[in-house]
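A short write-up of the structure that comes next.
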Amino acid sequence: MTAETDLKLHIEKRPESKLPQVDFSKLVFGQVFTDHMFLADYKNNKWEEPKIIPYQALAYEPSAKVFHYGQAVFEGMKAYKDKDGNVFLFRPEENFERINRSAQRLGMPPIPKEYFMEGLKQLVKLDKEWIPTGEGESLYLRPVYIAIENAVAASPSTDYRFMIIASPAGKYYVGDVKVKIEDKYSRACDGGVGFAKAAGNYAAQFYPTELAKEEGFQQIIWTDSKEHKYLEEAGTMNMFFRLGDTLVTAPTDSSRILPGITRKSIIQLAEDNGVKVEVRPVTVEEVIEGAKNGNLKEIFGAGTAATVLPIRGVKYKDFYSDLPQLEDSYADRFKKLLMDIQYNKTEDPYGWRYPVK
Ligand SMILES: *Cc1c(COP(=O)(O)O)cnc(C)c1O
C-alpha cells in the first residue's frame, strides 16, 4: 500500500461522506464517528488481510466470547492538525506496545505492528477532513480488539477482531472537577489487570463512580486495594500532586496502575523544565495533611482525552477541601508545553510527533 511497508490493505471507500451532516460546533466527545473504520481478523492461528471499510454496524452472534468473558482491550489516542494542515499522531508506538501488553494479559495473540501503525495512518489519511482544527480540537482514535469466537466456554477465543474507529473531538470541557478519594471499592489489585486497558476495568468503575457523583464528585481517585492508604489513579487518568513545589505521582511498576503516555510525557517535561518530580507511592495522609496545612498546591489528572485536567476540590471520608486556584499552575504550564508539541507549535526535541503523510 505504501512505500514503507508491503502490507496489503484493501480500502473500500464510502460513496458519499457524512461530513456535511455533522455540526462541528456541537461535538459531544465520542458520539460522532468518521466515514471509515479499520478492521482485521485473526482466524485459524493467523491474521487475515486487513481492510478499511465504511464505518458501519457489524453483526455478531450472541455467543461471541467478548460478550461473555470480556476478552477485550482497547487504546485511546489522537490525531492533531497544525495550522498548515499537517497531521500528526503522538507517540503511537507507545500505544502499540501497550495494546499488546494488555492483549497478552487477556490471553490474546499480539497484533502485528504494521497492522496497528498502517491501520492508524491510512485511516487518518482517508478521514483527514474530519480532524477539527480549533484550539484543543483533534480526532480521537480508538483501536479496539475483541474475541469473536462463537462459543460459551470460559477459555481464550480462537478468533479475534481488531478495529480502529475515529471520532472528531472538540475542546475538552467538563466544568469544575472535584474528586473523591475512594476508601471502600477498588479498581485494581496486585497481579490483576489494572495496568491493562481491559474493557472490564471500566465497567467495574461505573457503580462506585455513580455513587461519588450522587455526592457531587465527578471522579474517583482510587487507592490501593490492600489498605486504601496509597493514591493510585482516576478512571482514565493518572494523577499528579503538587506538594510544595515538587510534583509527585505514583509509580506504574505495580500491576495496578495504567502507565499513561501523557503521564510519562509530563514527567519528562517537568524534569527538563526544572521541576522536581518524585515518582513514588503517595499516601492519602500526606495529601490530606497538605490540604489542611497548605502544602498541597495542586492536583491534576493526565490522560489523552483531557490532556491535563486540574482538580478543584478533594474529599476523603468526612474531610473536604477546595484546592487553591493558582495563577501559574503546573497543570497549565505542562498542558501548554505538551499541546504545543502535539499541535506542532514548537520544536519536538523528543521525537514524539509522528507525521501522517
Ligand atoms: C488510558 C488511561 C490512562 C491515561 O493514559 P494515556 O496514555 O495518557 O491516555 C490512565 N489511566 C487509565 C486507567 C487509563 O485507561
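Numbers here are sequence positions counted from 1. Worth knowing before you read on, the calculation uses all heavy atoms, side chains too, and leaves out hydrogens, waters and symmetry mates. Counting starts at 1 for both ligands and their atoms, following the listed order.
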Q. Less than 4.0 Å between a side-chain N and a carboxylate O, is that true for Glu182 and Arg187?
A. no
Q. Partners of Tyr172 by ring-ring contact (aromatic ring centres under 6.0 Å, His included), sequence neighbours excluded?
A. none
Q: Mind checking ring-ring contact (aromatic ring centres under 6.0 Å, His included) for Phe88 and listing every partner two or more places apart, or none if nothing turns up?
A: none
Where does ligand 1 get N/O contacts under 3.5 Å from the protein, atom by atom?
{"residue": "ligand 1", "atom": "7 (O)", "partner": "Arg98", "partner atom": "NH1", "Å": "2.8"}
{"residue": "ligand 1", "atom": "7 (O)", "partner": "Arg98", "partner atom": "NH2", "Å": "3.1"}
{"residue": "ligand 1", "atom": "7 (O)", "partner": "Ile261", "partner atom": "N", "Å": "2.8"}
{"residue": "ligand 1", "atom": "8 (O)", "partner": "Ile261", "partner atom": "N", "Å": "3.2"}
{"residue": "ligand 1", "atom": "8 (O)", "partner": "Thr262", "partner atom": "N", "Å": "2.9"}
{"residue": "ligand 1", "atom": "8 (O)", "partner": "Thr262", "partner atom": "OG1", "Å": "2.6"}
{"residue": "ligand 1", "atom": "9 (O)", "partner": "Thr304", "partner atom": "N", "Å": "2.9"}
{"residue": "ligand 1", "atom": "9 (O)", "partner": "Thr304", "partner atom": "OG1", "Å": "2.6"}
{"residue": "ligand 1", "atom": "11 (N)", "partner": "Glu233", "partner atom": "OE1", "Å": "2.6"}
{"residue": "ligand 1", "atom": "15 (O)", "partner": "Lys197", "partner atom": "NZ", "Å": "2.8"}
{"residue": "ligand 1", "atom": "15 (O)", "partner": "Tyr202", "partner atom": "OH", "Å": "2.4"}

Q. Which pairs count as salt bridge (Lys or Arg N to Asp or Glu O under 4.0 Å) when at least one residue sits in residues 71-83, sequence neighbours excluded?
A. Glu75-Arg98
(Q) Between Tyr330 and Phe300 (judged by ring centroids, cut-off 6.0 Å), do the two rings come close enough to count as a pair? (A) no
Q. Hey, mind stepping through Lys335 and Glu298 against salt bridge (charged side-chain N to carboxylate O under 4.0 Å, His left out) and telling me if it holds?
A. CA-CA 14 Å; Lys335 181 172 189 166; Glu298 288 178 57; over 6 Å; no
